[in-house]
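Notes for the one structure printed next.
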Amino acid sequence: MNPLPVILDVDTGIDDAFALMLAVRDPRLELRAVTCVSGNVNVDQVVTNTEYVLETAGAAHVPVARGATRPLLAEPHHATHVHGADGLGGFARPSDRRTEHLHAVELLRRELMAAIGNGETITLIPMAPQTNIAMLLRTYPEVAPGIERIVFMGGSASVGNATATAEFNVFADPEAAAIAIAAAGQLDIPMTMYGLDVFNEVLITREQAVSLRRSGDPAAQLAGALLEHQLGVFGREATTIGDAGAVCAVIEPEGLRTQKYGVRVETGGSYSRGQTIVDRRDWAGDLDDDPQGANLTTMVDIGLEVDAAGYAKLWLAALGQTP
Ligand code: RIB
Ligand code: CA
């Protein structure tokens, strides 16, 4: 079976690094490009971290492009309390790789239009604030036929993390998330939300992290060090592969149980800004009578349950660990 073409949109970050390693190493995927955006850290550090992780994972040729330097409207809000000042828990290093001289939106457009020309489609896996994705879909809607599906890490049908109600990627740029989700609906692009309802379930133990760090594979060594950093940040004996779970959901979609619900993003609200409003009502009477226009939402496949052990095993195997 031919490998599935994918593009990752990242704010590398520790768990974005886990996702990049998986996308490079799993033979069922063909990583066509990586686009960078301001999120966990500033966009230039994201680019540096992304190039370093790709080099460490042995992906010398994958094009990388720098994207949005700040959210569409919100003030930049980073997550250095989780990922460290350098975004990689102190393990960031420069790379000899060179970034494309294209803006991320232009690289996305180039790759998607080429796919259309070749009769292909590409799965987009955003795992960061969706600033690049919103700009792409509003600037170049003609790319839609080249998109197989958008499987994004973000949002939540339940608890928040950045705030009580909002997940970080959506909270960091609520307008972008609202535009991307609305545009996906208007352009008939299938969309899956890999949100906090499943994000924290796929766990790696301290013992497995030590085994990775002690392996002879540079990517596995880096992954082990990043996992140990994350274990320390959260003070636990097991920690999530985070964004990498969204890549697992593209490789093995049967491992993610989803339900299709209408989704909107709260861009107002004193304490709810950035919340993904997942409409789980099931009586047509209420939906038809909804003064806020339930029919204006985009129907999104919401991840509700995940084969956590299976995805952890999939990710470890990509790094040469057979638990
Ligand atoms: O809320 C988790 C998300 O925010 C992940 O993508 C993590 O990398 C951070 O960007
Ligand atoms: Ca991320």
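Since the model is a prediction, treat every value here as computed from it, not as a measurement. Counting convention: from 1, in listed order, for ligands and their atoms alike. Throughout, numbering of the chain's residues begins at 1 and tracks the sequence.
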*Report the residue from Asn49, Asn40, Thr50 that forms a side chain to side chain donor-acceptor pair (under 3.5 Å) with Thr12.*
Thr50
*asked:* If we check side chain to side chain contact (heavy atoms under 4.5 Å, CB included) with Met153, which of these qualifies: Leu196, Val247, Val198?
replied: Leu196
*For the atoms OD2 of Asp243 and O of Met127, give the angle they form at the Ca ion (ligand 2), rounded to 10 degrees.*
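Once rounded, the angle between the two atoms at the Ca ion (ligand 2) is 100°.
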*Angular separation of Asp11 OD1 and Asp16 OD2 about the Ca ion (ligand 2), given to 10°*: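 Once rounded, the angle between the two atoms at the Ca ion (ligand 2) is 70°.
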_Test log, rule side chain to side chain contact (heavy atoms under 4.5 Å, CB included), inputs Leu226 and Leu88_ = CA-CA 7 Å; Leu226 295 175; Leu88 287 180; 4.2 Å; yes
[X] heavy atoms, cut-off 4.0 Å: which ligand 1 atoms fall inside?
X: Met127; answer: 6 (O)
X: Phe168; answer: 1 (O), 4 (O), 9 (C), 10 (O)
X: Met153; answer: 2 (C), 3 (C), 5 (C), 6 (O)

_atom 8 (O) of ligand 1 [closest protein heavy-atom partner, distance rounded to 0.1 Å]_ = Asp15 OD1, 2.6 Å
*For atom 9 (C) of ligand 1, the protein heavy atom that lies nearest, with its residue and separation*: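 Answer, as residue, atom name and distance: Asn40 OD1, 3.1 Å.
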With a heavy-atom distance limit of 4.0 Å, tell me whether [X] approaches ligand 1 through its side chain, its backbone, both, or neither.
X: Asp16; value: side chain
X: Glu167; value: side chain
X: Asn161; value: side chain

*Determine the interplanar angle of the His77 and Phe171 rings, folded into 0 to 90°, and report it as parallel if under 30°, tilted if 30 to 60°, perpendicular if over 60°.*
perpendicular
*Hey, does the side chain of Asn118 reach the backbone of Ala114 with a donor-acceptor pair shorter than 3.5 angstrom?*
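Yes, because the side chain of Asn118 sits within donor-acceptor range (under 3.5 Å) of the backbone of Ala114.
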*Asp86 side chain vs Ala92 backbone, donor-acceptor pair below 3.5 Å*: yes
